[in-house]
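The figures here come from the full heavy-atom set of this structure, side chains too, leaving out hydrogens, waters and symmetry mates.
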Amino acid sequence: MKMKKGCVHPMLTPVNKMPDTDIPRPEFPRPDWERKDWISLNGTWSFRFDPKDTGLDQMWQDHGETSYESSIMVPFSWVSPLSGIGRNEKGIGWYRRTIHWIPEQDDSRMFLCFGAVDYACDVWINGTHVGSHKGCYGTFEFEVSNLWLNHADNVIVVRVEDNDYSYQARGKQGYGETRGIWQPVWLESRRQNYVKAATIVTRLDGCVEVAATIEANCSGIAELTFQFDRGAVNHKVQVELVEGKNEVQTTFTVDEPRLWSPETPFLYEGELRLHCGDDVDAVSTYFGIREIGTALFGKRDYRWITLNGKPVYLNGTLDQSYHEAGYFTYPTDEEMRDEIYLMKRLGLNFVRIHIKPEEPRKLYWADKLGILVMEDMPCFWGNPDETARAMYESEAREVIERDRNHPSIFSWVMFNETWGLKTDDKAPDQTRDWIPASQYLPETQAWVREIYQWAKQLDPTRLVEDNSPCNWDHVESDLNTWHFYLNGYEQVREHVSKIVSQTFPGSTFNYCEGNQQSDAPLMNSECGNVWGIEGGAGDSDIAWHYRYMLNEFRRHDKLCGFVFTEFRDVINEFNGYYRLNGTDKQFGYEWFVPGMTLRDLHSPDFIVIDAPPCQTVNADSLISVPLLRSSFSDRYFGQTLSLLWELWYDHLGDRIIQAKGSSSVEWDGYGVSSLEPLSVRLPEHDAVAVLAIQLLSEDGEVIMRNFTTFDVRSNMSPEVNEGSGQIIYVPIADYKHHTYSYQWNALQCNKVNGGGEGSFEYEIALPNPEALSVIQDVDILFEASSKRLLLRNIEGETYAKSEISFMHGADANTERNPNTYYMTDDERHESRLQVSIDGERIESFVLPDDPADSRGVLSWHYQEAANKLEEAGSYGYLYKLSIPGRIVGRLDRNRKLKLTLQTDEGGLALYGRNAGRYPIDLIVHCK
């Protein structure tokens, strides 16, 4: 490969700008618990760093506005671009804000509320200290009634200290730190007696149990009323209040309850009101009627997860909840709604929020739009000592008590991959994940068991997982999950089968020594190929791997869900369904089966094609393809469904149907069972043949689609046109010379690449007169794409092998990663190609892109190793041209031609027999 100095612009995503408003995030921060009389304190605050920690001694809380040298946009971390500061500095920051606000009623109680602050926080009102808080993710408040001046300016000062101490529950903040105030701040007024909180538990029969906490300044008789669903649900209970804290429990029944599910996310919206004489405290809230559980079905000795008493197959994704400009704070409510919409658009029905709790407004959209949520507790990264345990327990309680009314949340995950649970006093915090599993000490395991049991007692309505493991180290859990990152069909198939075979009650597999499995449901809680490839997958196609991995999952009756890593790309992982900025990636499934999308792979009713994603087979052979049915829905039970199939292939641009048929499938019963295999005869010549299937309901609705492919090989020449002529196959690497600054071959020389401006030149001998007396026409066919230069193509492979710092936000050096080959997306890399014969230009084409996705069947099928990628999934477009007659006459005399393929700076990639999507070399057809 010829090298020279140069530069290349890696793919960048635009940073979203703040909306045109003085107050970011103006909506009430908690739609699940909302009062009408409030004011947002989001917006511009004065700000200063305190690098020497002198602010307390110098009483900065009493200093005026002029002593603050900067301003900051709340509620964004002082590290994030949207804060206006954008400095990743540990330590102390001071905030100051002057506000004049009069509540609607003069005798109101006033509360200053913080969505979240990282980490140690002190607050002053008008120079008086009102409280402190420690934590990162919990919501907290201070009553400031006695200090608030209704008819004058009030000064709020907040001091925040974040030093990343090892006991802090930080989660996965490496993508972008949440230092300082990073969630909304607001003031709200409440009545002298008010409802502080209410826990709502629902039953499928419509029974609603409420446990409310009332704070009272005045004792006496009060009435607590519930009105939901526009008055269709009414209930009231009389309570006798004492001064201080009051606990009230009551039950009511909803007639003909409408159940909440991802498909029908009905919410009972309304108000909870406390009447104390003429004084009324009103809170807007909502609930969804649903039950989460596990159950045995039939004669199985293992459980499935249930929603509303029925099995549910969990098609899920890992969500880092990271925004490129706000980091872990979304700039707008619309973007939080869009997050949930984009998941549901793919047919997903659940999401795992990774190593952090989600903010309430995004959980509201999960409730409203309908998606199940597995919510993680944030981890600490130091030793699991008493300080870390105490801080963790405090923060976990805050999170669960705040979020437990959201019907979307079905599971709490208390720890992830034993992060923070291994003991090594000498290990730096950020390498703790790599401490040997043997240092997950028995006493720490006992503490994790206590945490699991504590969470179950605090919230018995949900599933609780002790630790989402990658080290086979459960202790006690409602879910038997595991993580894996592997590439390669055989590797994934063997791995999943091994997991399933070792999962049964009493098995010690996947559990710490001295513990064993129960009949808890088996599901995957992280999967993909992002870390299953040496050096990490870089930015490469995920579509090919994803389809066969989901087929493997659905083969197994025990397995009831998965979590794909991940929803969006992040700064060091590029394996999302979407780019970080929310733009689409192109999976290419519609090329195989018209209309097919990712949603087809997420259908609860599914046809498994129990075969490799591509098989090399002989032409004209008869093969049998095993099929399975997998059903986790009773929607079509008792119906006769139709299975339509079609074997087709692309013959030099023409779609040829080799065979097709249909069969009836009696659809009844949950789980996995065998179907009659399909027998198909393959084409008589070289082809990439596609077996496409569709499952249809009785009324003709397409339930799901699927496919598999075959690399059909023969010793016969493909018939370019019926009848006359001779075909010359030119191996794509047999060019005479090139003029590209950057040139290399790939895929065992079945692909040639030219980067930048340049040309490939081929000298081709034509049939002699004995073989073809007169050449009247000459056609040329080839597969080509543009060639996007990566940094490694220019500077060489100076890639640093992945290690733990990548998980903490270190530069992933994406374009130096030898596995990177950008998956097809909304960004296009165009090139212009000119074709010349014997120096005379005869045609020009636009090469629209340098794509890579599932359509690059041969580039995937002929990968030499599962743990290394070489331009995987890359493919081109089929180009056909006819040489003008004036030139053909000369060729007839000379019996040779010089073919020149020249491009501008967009470059050129040419694909041979075992690369791309068409099983051809460069073809010259003489007639």
Worksheet entry | Separation between OG1 of T253 and NE2 of H235, rounded to the nearest 0.5 Å | 9.0 Å
Worksheet entry | Backbone of P604 reached by a side-chain donor or acceptor of R554 within 3.5 Å | yes
Worksheet entry | Minimum heavy-atom distance G582-R568, with the two atoms named | N-NH1, 2.9 Å
Fill in: Side-chain ion pair, E256 and R258, N-O less than 4.0 Å
no
Worksheet item: Just by distance, do the side chain of N524 and the backbone of W482 share a donor-acceptor pair under 3.5 Å?
Response: yes
Worksheet item: Are I451 and E393 close enough, and set up right, to give a side-chain contact (heavy atoms from CB on, under 4.5 Å), and what steps lead you there?
Response: CA-CA 8 Å; I451 291 297; E393 290 171 12; 3.7 Å; yes
Discussion item. Apply side chain to side chain donor-acceptor pair (under 3.5 Å) to residues S321 and E358 and explain how you reach the verdict.
Written reply: CA-CA 8 Å; S321 293; E358 194 51 90; 2.4 Å; yes
Practice prompt. Please confirm whether the backbone N or O of P360 pairs with a side-chain atom of D32, one donor and one acceptor, at under 3.5 Å?
Written response: no
Worksheet item: Do D367 and W260 have side-chain atoms, one donor and one acceptor, less than 3.5 Å apart?
Response: no
Discussion item. Is it true that Y440 and N471 share a donor-acceptor pair across their side chains at a distance under 3.5 Å?
Written reply: no
Practice prompt. Mind telling me whether H406 and Y286 have parallel, tilted or perpendicular rings, with 30° and 60° as the class edges?
Written response: perpendicular
Practice prompt. Check whether the side chains of S603 and D605 place a donor and an acceptor atom closer than 3.5 Å, and report yes or no.
Written response: no
Discussion item. What verdict does the ring-ring contact (aromatic ring centres under 6.0 Å, His included) test give for F553 and Y313, after you've listed the backbone C-alpha separation in whole Å, the side-chain angles of each residue and the deciding distance to 0.1 Å?
Written reply: CA-CA 11 Å; F553 286 159; Y313 191 88; 8.0 Å; no
Practice prompt. Decide, yes or no, whether a salt bridge links D118 with R170 under the criterion of side-chain N to carboxylate O below 4.0 Å.
Written response: no
Worksheet item: In Å, rounded to the nearest 0.5 Å, how long is the span from CG of N416 to SG of C470?
Response: 7.5 Å
Item to complete: Output, in order, the C-alpha distance, side-chain angles, deciding distance and verdict of ring-ring contact (aromatic ring centres under 6.0 Å, His included) for F632 and F606.
Response: CA-CA 9 Å; F632 282 81; F606 194 87; over 10 Å; no
Worksheet item: Would you say the side chain of K245 lies within less than 4.5 Å of the side chain of E215, judging by non-hydrogen atoms?
Response: yes
Worksheet item: Quick one: does N315's side chain have a donor or acceptor within less than 3.5 Å of a partner on L348's backbone?
Response: no
Discussion item. Can you tell me how far apart CZ (F252) and CD (E209) are? Round to the nearest 0.5 Å.
Written reply: 10.5 Å
Worksheet entry | Candidates F415, Y167, W381 - the one meeting ring-ring contact (aromatic ring centres under 6.0 Å, His included) with Y392 | F415
Worksheet item: Would you find a donor on one side and an acceptor on the other, under 3.5 Å apart, between the side chain of N246 and the backbone of G244?
Response: yes
Practice prompt. For a side-chain hydrogen bond (donor to acceptor under 3.5 Å, both in side chains) with R352, tell me which candidate from T481, D376, T317 qualifies.
Written response: D376
Worksheet item: Does any N or O in the side chain of Q173 come within less than 3.5 Å of the main-chain N or O of T178, such that one atom is a donor and the other an acceptor?
Response: yes
Worksheet item: Between W447 and L421, is there a donor-acceptor pair closer than 3.5 Å when you use the side chain of the first and the backbone of the second?
Response: no
Practice prompt. Drop me the distance from L479's CG to R303's CZ, to the nearest 0.5 angstrom.
Written response: 12.0 Å
Worksheet entry | Lys/Arg-Asp/Glu bridge criterion (N-O < 4.0 Å) met for R25, E359 | yes
Worksheet item: How about F637: does its CZ atom have over 12 heavy atoms from other parts shown lying under 6.0 Å from it?
Response: yes
Practice prompt. Give the intermediate values and the outcome of side chain to side chain donor-acceptor pair (under 3.5 Å) for residues E526 and Y485.
Written response: CA-CA 8 Å; E526 285 188 32; Y485 293 101; 2.5 Å; yes
Discussion item. Check this for me, if you would: do R635 and E263 make a salt bridge, where the nitrogen-to-carboxylate-oxygen distance has to be below 4.0 angstrom?
Written reply: no
Item to complete: Look at E552 together with R555 and state whether they make a salt bridge at an N to O cut-off of under 4.0 Å.
Response: yes
Practice prompt. To the nearest 0.5 angstrom, please state how far the CZ atom of R190 sits from the CG atom of L274.
Written response: 13.0 Å
Item to complete: Return yes if a side-chain donor-acceptor contact under 3.5 Å exists between Y670 and R300, otherwise no.
Response: no
Practice prompt. Take R35 and Y194, measure what side-chain contact (heavy atoms from CB on, under 4.5 Å) needs, and give me the verdict at the end.
Written response: CA-CA 11 Å; R35 287 184 166 86; Y194 71 93; 3.6 Å; yes
Worksheet entry | G171 backbone acceptor or donor facing W419 side chain under 3.5 Å | no
Practice prompt. Report the C-alpha distance between Y302 and T503 in whole Å, list the side-chain angles of each, state the deciding distance to 0.1 Å, and finish with yes or no for side chain to side chain donor-acceptor pair (under 3.5 Å).
Written response: CA-CA 9 Å; Y302 48 87; T503 299; over 6 Å; no
Worksheet item: Mind checking whether F328 and Y322 have parallel, tilted or perpendicular rings, split at 30° and 60°?
Response: perpendicular
Worksheet item: Could you walk me through whether F142 and F111 pass the ring-ring contact (aromatic ring centres under 6.0 Å, His included) check?
Response: CA-CA 6 Å; F142 303 111; F111 290 82; over 10 Å; no
Discussion item. With a 4.0 Å cut-off on N to O distance, would you call D478 and K456 a salt bridge?
Written reply: yes
Discussion item. Quick one: does any side-chain atom of T329 pair with a main-chain N or O of W182 as donor and acceptor, under 3.5 Å?
Written reply: yes
Discussion item. Students often mix this up, so state it plainly: with edges at 30° and 60°, are the rings of Y511 and H474 parallel, tilted or perpendicular?
Written reply: tilted
Discussion item. Looking at every heavy atom in both R389 and E443, which two are closest together, and how far apart are they?
Written reply: NH2-O, 3.9 Å
Practice prompt. Please answer whether the main-chain N or O of F504 pairs with a side-chain N or O of Q517 as donor and acceptor at a distance below 3.5 Å.
Written response: yes
Fill in: Criterion salt bridge (Lys or Arg N to Asp or Glu O under 4.0 Å) against K362, the qualifying member of E339, E335, E27
E339
Worksheet item: More than 12 non-hydrogen atoms from neighbouring residues, nucleotides or ligands closer than 6.0 Å to CD on Q457, yes or no?
Response: no
Worksheet item: Counting heavy atoms not belonging to E513, are there more than 12 under 6.0 Å from its CD?
Response: no
Discussion item. As a quick check of understanding, evaluate side-chain contact (heavy atoms from CB on, under 4.5 Å) for F226 and I200, giving each step before the final call.
Written reply: CA-CA 12 Å; F226 303 82; I200 302 173; over 6 Å; no
Worksheet entry | Residue pair Y268, F287: steps toward the ring-ring contact (aromatic ring centres under 6.0 Å, His included) verdict | CA-CA 5 Å; Y268 286 86; F287 61 88; 5.2 Å; yes
Worksheet item: If we ignore angles and hydrogens, is there a donor and acceptor under 3.5 Å between the side chains of T213 and E247?
Response: yes
Worksheet item: Where is the tightest heavy-atom contact between P505 and D301, given as atom of each residue plus distance?
Response: CG-O, 3.4 Å
Worksheet entry | Full working for side-chain contact (heavy atoms from CB on, under 4.5 Å) between H602 and N349 | CA-CA 9 Å; H602 301 146; N349 62 359; over 6 Å; no
Worksheet, complete the sentence: One should read off an interatomic distance between Q183 CD and C113 SG, to the nearest 0.5 angstrom, of 13.5 Å
Discussion item. Under a 4.0 Å threshold between the charged nitrogen and the carboxylate oxygen, would R449 count as salt-bridged to E476?
Written reply: yes
Discussion item. Using a 6.0 Å cut-off, check whether atom NZ of K344 has over 12 heavy atoms from anything other than its own residue.
Written reply: yes
